[in-house]
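First the structure, in the form of structure tokens, and then the observations on it.
It should be emphasised that the depicted structure is a prediction, and the values quoted were computed from it without experimental measurement. By convention in this document, chain letters (A, B, ...) are assigned in the order of the sequence lines, proteins followed by strands, and residues within each chain are numbered from 1.
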There are 2 protein chains.
Amino acid sequence: MRNDNPQVAEASSTLSAKMRRGDLFAEKCPSRDVLKHVTSRWGVLVLVALLGGTHRFSDLRRKTAGVSERMLAQTLKWLEGDGFVARKAYPVVPPHVEYSLTPLGREVGLKVEALADWIEGNLPQIMAAQIPPES
Amino acid sequence: MRNDNPQVAEASSTLSAKMRRGDLFAEKCPSRDVLKHVTSRWGVLVLVALLGGTHRFSDLRRKTAGVSERMLAQTLKWLEGDGFVARKAYPVVPPHVEYSLTPLGREVGLKVEALADWIEGNLPQIMAAQIPPES
DNA sequence: GTAAGTACGCACATAAAGGTAAGTACCCAT
DNA sequence: ATGGGTACTTACCTTTATGTGCGTACTTAC
């Protein structure tokens, strides 16, 4: 068994086997961790970038202006750990690793992209509506 | 003028007036701050909760299991600052404040809700695909 | 030769996020 | 009169995220 958490709604008689869905409003629901990874500072960007196709580590690094190698690696591990990203390493001399989205990853990616797109497209209105930050 | 940032793509001759859209992949684009607020730990939950209608501060606090008053207040300020949340305070003796979404807020809220829903609905598959976290 | 690129892991350091506890000013139920 | 609820703020402290710099083991370009 992979996982088993009471915060995940289940309908079957056994607590373990069949949970139906998570509940983000529940304090310890594991869905909160998934959300955290997906909405992490670089998680969003990585998912959107990978929707555009397979990328190598340094391609992602260059595309995502501002990420440090450390955080990119960390973010990719989170996403890989959640089953959203697939990592394929070639045993060649100068390292060569390719990252791509899994079917599940493509699904979240689309949701995330929709949000990202909305923000990018509405930035003008948002900035117009913003009240200048105090500090 | 409210805002004026070179990272926001613009088409007009003047640098200031007409930007078209933000670019999350650009290092200093203000869209990243908006994204940060919206995807902050409690930001997502607050937006989703408010999609369900106006809420008072303590209603939100109770609904969002685990938030501290401090962070809820902070999150609401961020969202209010971005023009997504409207705050209405009644000058009554025991404080009474109501929070609701602005039209803009309702739009992002829907995007965020779509993501949240997807995660909640697919938690079972995600957990099945997860590789057990090391640390 | 020499520098740069590749995909990280590791140790160190800081900033930011988030939590805890206490205070405010006043009303209402017990 | 005593305690709880309301909406926060402020001070203080811990945790987490994220950044910086170094090392690696070679290869290719200059």
Side-chain angles (χ1 to χ4, degrees), chain A residues 24-25 27-28 30 32-47 49-50 54-82 85-100 133-135, chain B residues 24-25 27-28 32-46 49-50 54-82 85-100 133-135:
Chain A
L24 288 168
F25 283 96
E27 181 133 31
K28 298 178 190 299
R32 285 197 175 174
D33 294 319
V34 175
L35 181 69
K36 184 178 298 183
H37 299 158
V38 168
T39 62
S40 67
R41 178 161 186 197
W42 308 112
V44 176
L45 287 297
V46 168
L47 287 172
L50 290 182
T54 297
H55 283 67
R56 291 185 61 173
F57 186 84
S58 31
D59 288 338
L60 283 173
R61 177 160 169 44
R62 272 184 291 272
K63 186 159 189 173
T64 312
V67 223
S68 59
E69 299 191 343
R70 189 169 125 33
M71 284 318 297
L72 179 55
Q74 173 71 65
T75 301
L76 285 167
K77 274 191 179 178
W78 282 334
L79 265 19
E80 199 196 335
D82 287 336
V85 165
R87 180 193 128 102
K88 185 167 191 177
Y90 296 87
V92 293
V93 187
H96 183 115
V97 181
E98 295 189 340
Y99 289 95
S100 56
E134 4 54 44
S135 64
Chain B
L24 289 169
F25 283 95
E27 181 132 31
K28 299 178 190 301
R32 285 198 176 175
D33 293 320
V34 175
L35 181 69
K36 184 178 296 184
H37 299 158
V38 168
T39 62
S40 67
R41 178 160 185 196
W42 308 113
V44 176
L45 287 295
V46 167
L50 290 182
T54 297
H55 282 66
R56 293 185 60 174
F57 186 85
S58 33
D59 288 338
L60 283 173
R61 178 162 168 43
R62 272 184 292 272
K63 186 159 188 172
T64 311
V67 224
S68 60
E69 299 191 344
R70 184 168 131 27
M71 285 317 297
L72 180 54
Q74 174 71 67
T75 300
L76 286 167
K77 273 191 180 178
W78 282 334
L79 265 18
E80 199 195 336
D82 287 336
V85 165
R87 181 192 127 102
K88 185 167 192 177
Y90 296 88
V92 292
V93 187
H96 183 115
V97 181
E98 295 188 341
Y99 291 94
S100 56
E134 5 52 45
S135 64

What residues form a side-chain contact (heavy atoms from CB on, under 4.5 Å) with [X], not counting sequence neighbours?
| X | answer |
| --- | --- |
| A:V97 | A:R87, A:A89, A:Y99 |
| B:T64 | A:F25, B:W42, B:L45, B:V67 |
| B:A73 | B:F57 |

Exercise. Scan A:R56 against the nucleic acid and name what it touches under 4.0 Å (heavy atoms): base, sugar-phosphate only, or nothing.
Key: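 It contacts sugar-phosphate atoms only.
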
Practice problem: Answer with base, sugar-phosphate or nothing: what part of the nucleic acid does B:Y99 contact at a heavy-atom distance below 4.0 Å? | Solution: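 Counting heavy atoms under 4.0 Å across all strands, the contact made by B:Y99 is with sugar-phosphate only.
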
Quick one: list whatever passes side-chain hydrogen bond (donor to acceptor under 3.5 Å, both in side chains) with [X], sequence neighbours left out.
| X | value |
| --- | --- |
| B:R56 | B:H96 |
| A:R62 | A:D59 |
| B:H55 | none |

Considering residues at least two apart in sequence or located in another chain, which fulfil the salt bridge (Lys or Arg N to Asp or Glu O under 4.0 Å) criterion with [X]?
| X | result |
| --- | --- |
| A:E98 | none |
| A:R61 | A:E69 |
| A:R32 | none |

[X] [atom1] to [N] [atom2]: how many Å, rounded?
| X | N | atom1 | atom2 | answer |
| --- | --- | --- | --- | --- |
| A:K77 | C:dC8 | NZ | P | 9 Å |
| A:L72 | C:dA7 | CG | C1' | 10 Å |
| A:Q74 | D:dG19 | CD | P | 11 Å |
| A:L60 | C:dG5 | CG | P | 17 Å |
| B:D59 | D:dA7 | CG | P | 7 Å |
| A:E98 | C:dC8 | CD | C1' | 16 Å |
| B:H55 | D:dT6 | NE2 | P | 14 Å |
| B:H96 | D:dA7 | NE2 | C1' | 11 Å |

Scan nucleotides 28-30 of chain D against the protein and return all N/O pairs shorter than 3.5 Å with their distances rounded to 0.1 Å.
none

Quiz prompt | Nearest-0.5 Å distance that lies between atom CG in B:D82 and atom NZ in B:K77 | solution =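 Between atom CG of B:D82 and atom NZ of B:K77 there are 14.0 Å.
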
Exercise. Give the nucleotide from the list D:dA7, D:dT9, C:dA7 with an atom nearest to the side chain of A:V97.
Key: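 The nucleotide sitting nearest to the side chain is C:dA7.
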
Quiz item: Is any side-chain heavy atom of A:T39 closer than 4.5 Å to a side-chain heavy atom of B:V38?
Solution: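 Contact flag for A:T39/B:V38 side chains = no.
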
Quiz prompt | Contact pattern, 5' to 3', of nucleotides 10-21 of chain C - B, S or - by protein heavy atom under 4.0 Å | solution = BB-----SBBB-

Quiz item: Tell me, which stems hold DNA chain D, with a stem being 3 or more Watson-Crick or G-U pairs in a row and both distances under 3.5 Å?
Solution: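 Consecutive-pair runs (3 or more) involving DNA chain D: C:1-30 with D:1-30.
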
